[in-house]
Structure formats: structure tokens, C-alpha cells
Amino acid sequence: MPELPEVETVRRSLAPALEGAVVVSVRVDHPRMTRRQPRPRDFRDRLLGRRVNSVGRHGKFMLIDVEGDLTWVIHLGMSGRIRLEATGSDRVPHTHVVVGTDRNQELHFVDPRTFGFIAVFTPDEFDAQPFALLGPDALDDLPRYPQLIPRLANRTVAIKSLLLDQRFVAGLGNIYADEVLHRAHVRPGRPAGTLTENEVRLLRGSIGPVLRAGLRFGGTSLNDLAYLLPDGRAGEYLGRLKVYGRAGEHCGRDGTEITRTVIGGRSSFWCPTCQV
DNA sequence: AACGATCCCTGTTGGC
DNA sequence: TGCCAACAGGGATCGT
């Protein structure tokens, strides 16, 4: 699934292609993909002829600054992919949106499960979106642990669920949340408010290293609906995951069999020995 | 307010 | 081997 490292990997390859480029064509073949656009026609109308200033990111949302005070938002959902192709290239199945630039390139938005979306918002529209309440970016703006302690206090929700709550911190998904909890020696089901100060410190300190490791390897491509880099390469972090998807295998730290439980409706993988 | 449940969607997986 | 139901999951929304 595209989480922060995957989205950041995509952002980095998209930025040089889009920044300074002018949009010369827009095609939407699947109206569901622009469902967050208050008026569906705006997506095309607002991009056509406009120059892209910069390609940013907050959590798993790609935020592309477009001239005219517009923000072009791309969320990959769980099966979304971006392909960067020469103009007129073939479209793979489930290519729902194609945006062409004056550099003879096309951005293909591919999303079999259509959980992702693509839209261009004015500032007011942007602020009205639910994701305007996104928490600090897990890579760039993570608060130091003393600031996190009061935010966990008295919370009964499982710490795993809190890590997945994008209003708490933006960017972690099911894979990296499990990896972060394993690194921090914390069980995913622990009520958030029961973490000691030291555990909060460890957890806080685990987020950056885990995300940067994922980023270093170009993200995680699972074997099914693979997340792929815009040039078609697979991310190579899958083989380096410590717990996610590894039920029945042995924990690299103590050899205990990794277990799978469901927490907050999401499968969670963890070591019953070294995660307390 | 906080939290859990439900829904969206379709390729893949697993059970028979 | 082949079929079909169950599963997967990010985010929004709804009910308690």
C-alpha cells in the first residue's frame, strides 16, 4: 500500500517532470476519481493551460502547487499508481486520468480499486476537505516525544489505531505502523494511554528510522496490486520488513513466531515476546 | 469527545 | 482443476 515512503518516492520522481511544466491536456475516464471535486468539470478546466509550481507532500497526500493559487491533490488510496510516460503512450488497464504537459510527457493515474482520488482545489475548497485536519507529517514535522505524551494521556484506543489516525500523525499506514511498533518494542493492542514516557520516547524515535529505511529502498511493493515507482520499478523494502505479513515466521530479534491479530479492523503483525 | 463499525471497490487468495 | 466467497485496506461517515 502506498504509505509515506511510497508517496515520497513518487513525489521525488514527479517533481522534476512537473515543476515548471504547463498542462496541455486533461482526460478523465472514470468520474469516481474526481469525486472530491465540488464541481467535476473544474478538474479539467483548472489544470488546462496552467503551470505547475511545485510538488509537495503532507502525509500520504501529494499536494501540487499550481499557478492561480490552486492545489492539485493526488491520493493513491490503496491501489493507486502514477505512471510517467511519453505523450501518446499505451494505457495500462485501470488508467483513469491522464494529464499531459508541454514537455511531451503524460502523467497516468492508475487505480484498480478507485480508493484514491485526484482533484484541484481553491484555498476555500481545500480547507473544507476532511484532510485539512491532517496531523503533523510523520517524516518532516514529527513533534518531539514530550509533546506527544499529553496527546496519548487517557486515550483507551489501541496505539496501533492511533498511529493510523492521520489526524494524530500523517503518513503511517498498516505496514509501517506495525514496523514502527516492533522497533519500539510496543504491542499494537496496547491502549495508547498505558504507554510509559520511555515507551513514547522509543515509539517517537522509531518512526523516522523506519520511514527513512522504507524510503531508502524505494518503498514496499506487495506482490498483489503492486505499488510501483512512476518508471515502473518495484520498491524493494518488502524483503526488509520485520513483522508485516510475516505471521508464522520468526522474529529477527528473539526467534519467537510472529503472530497476526486484528486491531481496529486491520490485520496487525507483531512479536509476542519482544513487544510488550 | 472518543471510539468502533461500516462502507466503498476489485484483484487476489483460500477453501472446498 | 475450477469455482466462488472471503479478504485486503485508507479514509469518510455514521452510530453509540
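Given the structure is predicted, the values throughout are model-derived calculations rather than measurements. Lettering follows sequence order; numbering is per chain, from 1.
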Quickly work out the [X] [atom1] to [N] [atom2] distance and round it to whole Å.
X        : N      : atom1 : atom2 : answer
A:Asp178 : C:dA8  : CG    : P     : 13 Å
A:Arg32  : C:dA12 : CZ    : C1'   : 11 Å
A:Asp111 : C:dG9  : CG    : P     : 16 Å
A:Glu3   : C:dA8  : CD    : P     : 16 Å
A:Leu163 : C:dG11 : CG    : P     : 14 Å
A:Arg167 : B:dA2  : CZ    : P     : 9 Å
A:Ile118 : C:dG10 : CD1   : P     : 20 Å
A:Arg81  : B:dT10 : CZ    : C1'   : 15 Å

Short side-chain N/O contact from [X] to OP1 or OP2 of [N], under 4.0 Å:
X        : N      : answer
A:Arg155 : B:dA2  : no
A:Tyr244 : C:dA8  : no
A:Ser267 : C:dG9  : yes
A:His75  : C:dG11 : yes

Inspect the surroundings of [atom1] in [X] and state if more than 12 heavy atoms from other residues, nucleotides or ligands are less than 6.0 Å away.
X        : atom1 : answer
A:Arg32  : CZ    : yes
A:Arg240 : CZ    : no
A:Glu197 : CD    : no
A:Asn154 : CG    : no

query = Is A:Leu203 linked to A:Tyr145 within one hydrophobic cluster, defined over Ile, Leu, Val, Met, Phe, Trp and Tyr using a side-chain heavy-atom separation of less than 4.5 Å?
reply =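 Yes.
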
message = With the six-membered base ring of C:dG9 as reference, does the ring of A:Phe115 sit under 5.5 Å away with planes under 30° apart?
response = yes

So which nucleotide from [options] ends up closest to the side chain of [X]?
X        : options               : answer
A:His94  : B:dG11, C:dA12, B:dC3 : B:dG11
A:Lys60  : C:dG10, B:dC3, C:dG9  : C:dG10
A:Arg113 : C:dG11, C:dG9, C:dG10 : C:dG9

note = On DNA chain B, more 5' by nearest nucleotide between A:Arg266 and A:Leu162 is A:Leu162

request  = Tell me which residues in residues 130-141 of chain A put a heavy atom below 4.0 Å from DNA chain C, sorted by number, or none.
outcome  =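 When residues 130-141 of chain A is checked for heavy atoms under 4.0 Å from DNA chain C, the hits, listed by number, are A:Pro130, A:Phe131.
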
Classify the nucleic acid contact of [X] as base, sugar-phosphate or nothing, counting any heavy atom under 4.0 Å across all strands shown.
X        : answer
A:Phe117 : nothing
A:Thr156 : sugar-phosphate
A:Arg35  : nothing
A:Arg260 : sugar-phosphate

query = If you take all heavy atoms of A:Asp178 and A:Lys160, which pair is closest and at what distance?
reply = OD1-NZ, 2.8 Å

ask   = Hey, is A:Glu8 close enough to A:Arg57 for a salt bridge, meaning N to O under 4.0 Å?
value = yes

Please report, to 0.1 Å, the donor-acceptor pairs under 3.5 Å made by any side chain of residues 86-94 of chain A, with sequence neighbours excluded.
from    : atom 1 : to       : atom 2 : distance (Å)
A:Thr87 : OG1    : A:Asn104 : O      : 3.2
A:Thr87 : OG1    : A:Gln105 : N      : 3.4
A:Ser89 : OG     : A:Ala86  : N      : 3.3
A:Ser89 : OG     : A:Ala86  : O      : 2.6
A:Arg91 : NH1    : A:Asp29  : OD2    : 3.4

task = Anything under 30° is parallel, anything over 60° is perpendicular, the rest tilted; go ahead and classify A:Phe131 against A:Phe121.
result = tilted

ask   = Judged by modelled atom types alone, do A:Thr196 and A:Asn198 share a side-chain donor-acceptor pair under 3.5 Å?
value =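 Note: A:Thr196 and A:Asn198 side chains miss the donor-acceptor criterion.
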
Difference in axis direction between the ends of the helix from B:dA2-C:dT16 to B:dC16-C:dG2, five pairs, 10° = 60°

Side-chain (A:Arg187) to main-chain (A:Pro272) donor-acceptor, under 3.5 angstrom =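 Between the backbone of A:Pro272 and the side chain of A:Arg187 there is a qualifying donor-acceptor contact (under 3.5 Å).
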
